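Read the structure below first, then the notes.
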Amino acid sequence: MGRIFNFSAGPAILPEPVLAQASDAVREFAGSGMSLLEMSHRDKRYDAIHEQVRAGVVETLGLSTSEYDCLFMGGGASTQFSLVPMNILTPGHSGAYVDGGEWGAKAIETARFHGDVDVIGSSKADNHSRLPVIGDVPSRAAYVHLTTNNTIEGTQMSNVPSMSIPLVGDLSSDIFGRVREHANFDLMYAGAQKNAGPAGVTLVVIRKSLLAQCNTLAPMFSYKVQADKHSVYNTPPVFPIYVVGLVLEWIAAEGGMAAVATRNERKAALIYNAIDNAAPIFSAAVPDTADRSWMNITFRLASKELEAEFLAEAKANGMDGLPGHRNVGGCRASIYNAFPEAGCKALADLISDFAVRKG
Ligand SMILES: *Cc1c(COP(=O)(O)O)cnc(C)c1O
């Protein structure tokens, strides 16, 4: 079967050259006579890649490895919802959280197991159909936590504020997808499986000066221990890390993150324009164009029946993964870095055509 247009929200599409190289490494890695899946994580040949990817993650974000460290951790972004407060929430202080959607809300709910939380901005009253306004940071706050791209609701921050206390970002669904002042962050994390690679590794990028201030914890939970051990305290997820490295090479070959981001903006505009021009059959879930995500485009049709008919037509035309998140319904087109422009054009054309036929 030919390759379909895969709009899945995650695990999500990977670049075809990356899949080819990853397949090769499964069969035999770099003339070693064994699969990468069979190689020791202490092998020099793996270690060279490990260190290359650690540096590559930091550099692709436009940051310097003298200021930031990259850790590869397990348990997905959801585990970071605990590890962030465990590492940087100090007694007598709170975590200040921005509630921009379901993932931000989960980060808040999880942080409450570890200490006090102050919510300093929420878009809940608007069903998260816009970005929250970030309010004052209380003096007791140890850090501010926000989500750059709200995967489920389809909003995305274009820039991030500069804070006088550590700023933490959940970048799970738009890491390497949009140019912004990443140096405003002291800590960023992302499950790899949306925009950076396969499931199984979580990228944690932390400012070295913050690392020095982290709480003392059992090794597997401690950013400090993980950094001291170059993220090989125990067996790291070798294969996902290797594939993240291939994705970084692919980004570089595409002209770097800025070039990929420019294309992302153009890809999203194709679909948003089609939706806006197809009213009232179609409507974007996020009305304010400045708040709209370039990664996850959420939209609805005028009725449940039309929605089902549209999704069936899309599927018949080789477009998969378009139903919205089970908690919010509607439709969602996830068009991460690796998603081809031709697929965006195909969806835009189907939206326009469908609206004409039903109008
Ligand atoms: C998918 C997602 C998560 C959860 O990631 P897991 O790796 O499944 O734990 C957290 N935050 C955001 C923004 C996401 O998109």
Side-chain angles (χ1 to χ4, degrees), residues 6-14 57 61 70-86 95 97-111 113 121-124 128-129 131-132 144-158 160 167-178 180 182 185 187-205 220-221 236-237 239-241 243-244 247 264 268 285-286 291-298 321 323-328 332-339:
N6 177 10
F7 290 92
S8 169
I13 189 165
L14 286 163
V57 167
L61 289 168
C70 169
L71 315 176
F72 303 125
M73 300 189 77
S78 301
T79 296
Q80 298 303 316
F81 295 167
S82 278
L83 293 186
V84 167
M86 284 168 72
Y97 280 74
V98 180
D99 166 26
E102 277 196 35
W103 289 118
K106 283 214 167 96
I108 291 169
E109 187 187 311
T110 307
F113 282 90
S122 174
S123 49
K124 198 170 172 184
H128 301 300
S129 63
L131 285 170
V144 171
H145 178 284
L146 53 79
T147 315
T148 51
N149 183 71
N150 294 292
T151 324
I152 295 174
E153 298 84 0
T155 59
Q156 184 182 28
M157 301 179 75
S158 53
V160 287
L167 180 63
V168 183
D170 177 356
L171 277 68
S172 290
S173 51
D174 73 351
I175 190 168
F176 311 133
R178 190 154 180 162
R180 56 166 73 92
H182 289 114
F185 285 110
L187 173 56
M188 287 159 271
Y189 62 87
Q193 70 273 17
K194 280 147 187 162
N195 211 22
V201 62
T202 308
L203 310 176
V204 176
V205 177
M220 283 306 290
F221 308 127
F239 191 69
I241 291 168
V243 180
V244 168
V247 169
N264 287 343
V286 178
D291 288 357
R292 288 177 176 177
S293 172
W294 298 351
M295 302 271 96
N296 310 96
I297 298 179
T298 47
H325 188 275
R326 62 190 182 282
N327 291 355
V328 300
R332 172 174 56 171
S334 297
I335 52 167
Y336 299 117
N337 284 356
F339 192 89

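Not measured: the values here are computed from a predicted model. Counting starts at 1 for both ligands and their atoms, in listed order. We're numbering straight along the sequence, starting at 1. Side chains included, hydrogens not; waters and symmetry mates left out as well; all remaining heavy atoms used.
Within ligand 1, counting atoms from 1 as listed, the ones closer than 4.0 Å to a heavy atom of T147 are 13 (C). In the vicinity of F81, heavy-atom distances shorter than 4.0 Å reach the ligand 1 atoms 10 (C). Close approach to G76 involves these atoms of ligand 1, each under 4.0 Å from a residue heavy atom: 7 (O), 9 (O).
For atom 15 (O) of ligand 1, the nearest protein heavy atom (residue, atom name, distance) is T151 OG1, 2.4 Å. If you check which protein heavy atom lies closest to atom 11 (N) of ligand 1, you get D170 OD2, 2.6 Å. In this structure, atom 2 (C) of ligand 1 lies nearest to the protein heavy atom K194 NZ, 2.4 Å. Scanning the protein for heavy atoms near atom 8 (O) of ligand 1, the closest one is Q193 NE2, 3.4 Å.
In this pair, H145 and Y189 present their aromatic rings tilted. The plane angle is within the 30 to 60° band.
With atom 9 (O) of ligand 1 as the reference point, the heavy atom nearest to it among S173, S78, A12, G74 is part of S78.
In this model, a donor atom of one side chain and an acceptor atom of the other lie less than 3.5 Å apart for Q156 and D174. Side-chain contact annotation: N327 with E102, donor-acceptor N/O pair under 3.5 Å present. No side-chain donor from either of T155 and D291 sits under 3.5 Å from a side-chain acceptor of the other. Donor-acceptor pairing under 3.5 Å is recorded for the side chains of S334 and N296.
Looking at ligand 1, you'll find an N or O of A77 within less than 3.5 Å of one of its N or O atoms.
Of the possible donor and acceptor atoms, one in the side chain of T298 sits under 3.5 Å from a partner among the backbone N and O of E153.
M295 is not listed as a side-chain neighbour of S173, based on a closest heavy-atom distance of 4.5 Å or more.
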